[in-house]
J.: 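Take this structure first; my questions come after.
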Amino acid sequence: MSGTFVGMPAFPAAARAAVGDATLRANLRHATRTIRDKRAGAVAELDDWARLREAGKHIKDHTLRHLDRYLLRLEREVTAAGGTVHWAADAAEANRIVTRLVEETGESEVVKVKSMATQEIGLNEALEAAGVRAYETDLAELIVQLGRDRPSHILVPAIHRNRGEIRDIFRTEMGRWGRPAPDGLTDEPAELAEAARLHLREKFLRAKVGISGANFMVAETGTLVVVESEGNGRMCLTLPETLISVVGIEKVVPTWRDLEVFLQTLPRSSTAERMNPYTSTWTGTSDSDGPRAFHLVLLDNGRTDALADEVGRQALRCIRCSACLNVCPVYERAGGHAYGSVYPGPIGAILSPQLRGTGSAVDASLPYASSLCGACYEVCPVAIDIPEVLVHLRERVVEGGDVTRRGVRVRLRPAKGHAAERAAMRAARWVLGHPGALRAGQRLASRTRAAHPRALPGPGRAWSATRDLPPVPAEPFRDWWRRTHGEGSGA
Ligand code: SF4
């Protein structure tokens with residue numbers, strides 16, 4: 001995965017800074033509560049929501065089980081329809097491929113559809129290093145780009161900004177990137193949208209190269225699908241002469257029938273709409289319309305490693321609806337930047353450590369960025385058991401363990417900072433496996449109970465600061481049982 005967020009502190013430190021920002025918390029609280037209430041209403045309209053959710057889960061699991069077969073079918077169909085398929089093992093290879101393809105067109109500007117995959121690999125930065133300027137055309141992505149900011153939400157990347165902040169960014173920054181904001185711009189949503197529309201239109205009409213991701217790829221016909229709300233995607237996908245799509249390999253679905261399920265669950269889970277305003281589909285190239293050249297870059301970048309993990313692989317079902325972010329009490333308070341990756345919230349907490357590994361302090365901290373309340377699992381339209389994967393990844397962080405990296409089984413070293421926890425668990429295992437030692441320890445604890453501290457010392461202080469330590473009883477249970485039931489009573 002790219003180093004877009006390199007240098008971020010681990011989750012606890014980053015979250016502490018975010019929690020202290022009252023404006024950020026107010027923006028997040030307002031936005032997430034509004035979206036999640038609307039989503040609940042949109043989902044409640046469907047009697048068969050539970051069946052759709054189950055169907056989505058099974059389609060994704062089936063496809064992941066036969067991923068090789070469906071990807072090869074997709075490649076055949078895209079090629080037959082006039083497109084070219086490229087395979088990228090990691091971010092560096094994907095960036096090299098896209099940069100070369102843009103350079104071959106002779107262009108120095110590209111327009112982009114909102115795409116998590118290109119953010120994941122840091123494509124804009126790679127293009128910039130090669131002298132190519134990438135213009136984001138989704139409204140929220142435009143705000144993030146103009147503000148030299150980072151996205152903090154999957155669906156609403158500028159969720160941490162309020163209208164006043166957006167107006168100020170447009171006023172000061174639009175002129176540096178192209179058409180300036182109109183004089184006297186206010187923070188009225190309609191005026192802000194119009195300013196963005198005018199700014200972007202000249203870029204759409206000028207661009208010769210478009211770059212996109214895709215929400216889905218239909219293997220049986222080699223068709224790519226983008227769903228969006230603003231129409232900017234439709235412009236990027238149809239106006240340029242060359243279209244380059246960078247898509248994670250897990251986005252393939254076998255058939256159009258399968259796609260139908262997700263076209264019902266995705267809009268309701270993400271924007272709380274019955275149907276999203278724009279659904280663009282394209283298959284290769286056509287002589288009569290649209291781009292003359294189409295390139296599909298299929299991105300692995302850690303996905304096959306995640307696929308090899310029996311518990312963790314369910315994260316690859318994700319359709320990036322962001323419903324889990326909007327219900328998460330941790331996300332609502334900490335915001336998206338604290339997760340140190342383009343994938344924030346509960347899905348980021350299980351996806352980033354699998355795509356990037358748990359070797360860094362940021363990634364080792366992410367599986368702990370949750371209260372395990374389970375709200376994310378309840379709303380997930382493909383039933384990803386996020387709490388289960390979080391606990392599984394915590395185990396990996398503490399124990400190290402085996403994972404697959406680029407098809408090779410490797411043993412991870414346990415993350416630093418967890419040595420004390422591991423030592424405590426080993427000691428507990430030994431004591432619980434030796435009844436004599438356990439009995440002696442319990443009696444000693446009872447006899448010395450008057451001297452027990454009310455708070456733990458050292459690093460344990462933070463834990464006991466918010467909890468009451470239970471007092472040790474005056475008599476161990478086993479002794480009480482023998483005394484009250486007799487020596488041969490089975491205690
Ligand atoms: S994990 Fe589920 S709820 Fe969260 S973004 Fe992915 S599909 Fe949506």
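When a ligand or atom number is given, it counts from 1 through the structure's own listing order. The first residue of the sequence shown is numbered 1, and numbering continues consecutively from there.
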J.: Strictly under 2.8 Å, is atom 4 (Fe) of ligand 1 approached by any N, O or S atom of C324?
T.: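 Short answer: yes, at least one N, O or S atom is under the cut-off.
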
J.: Aromatic rings Y70 and H66: how do their planes relate, parallel, tilted or perpendicular, breaks at 30° and 60°?
T.: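 Perpendicular: the ring planes of Y70 and H66 meet at over 60°.
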
J.: Quick check: does C318 have an N/O/S atom under 2.8 Å of atom 2 (Fe) of ligand 1?
T.: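 Here the distance criterion (N, O or S atom, under 2.8 Å) is not met by C318, so no.
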
J.: For atom 2 (Fe) of ligand 1, what is the closest protein heavy atom, and at what distance to 0.1 Å?
T.: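 Atom 2 (Fe) of ligand 1 sits closest to the protein heavy atom C380 SG, 2.4 Å.
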
J.: Should we count CZ of R274 as having more than 12 external heavy atoms under 6.0 Å?
T.: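 Atom CZ in R274 is not packed in, count stays at 12 or less.
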
J.: So P346 and Y377, do their side chains get closer than 4.5 Å, heavy atoms only?
T.: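 Result no, sub-4.5 Å side-chain heavy-atom pair not found.
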
J.: Would you say T283 and T223 are linked by a side-chain donor-acceptor pair, where the criterion is simply a distance under 3.5 Å?
T.: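 Yes.
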
J.: Looking at atom 8 (Fe) of ligand 1, what's its closest protein heavy atom, distance included?
T.: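 For this ligand atom, the closest protein heavy atom is C321 SG, 2.3 Å.
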
J.: Please classify the S322 to ligand 1 contact at 4.0 Å (heavy-atom distances, strictly less than): side chain, backbone, both or neither.
T.: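 Backbone only.
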
J.: Would you please determine whether P381 falls within less than 4.0 Å of ligand 1 on a heavy-atom basis?
T.: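 Yes, that is the case, since the closest heavy atom of the residue is under 4.0 Å from the ligand.
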
J.: Counting only heavy atoms, tell me which of I384, L266, V379 gets closest to atom 1 (S) of ligand 1.
T.: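 Checking each option, the heavy atom nearest atom 1 (S) of ligand 1 is found in I384.
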
J.: Closest non-hydrogen protein atom to atom 7 (S) of ligand 1, residue and atom name please, with distance?
T.: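 Its nearest protein heavy-atom neighbour is I319 N, 3.5 Å.
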
J.: For the residue pair R163 and F170, would you count it as a cation-pi contact if the rule is NZ or CZ under 6.0 angstrom from the ring centre and within 45 degrees of the ring axis?
T.: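 No; the conditions do not both hold, so R163 does not lie above the ring face of F170.
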
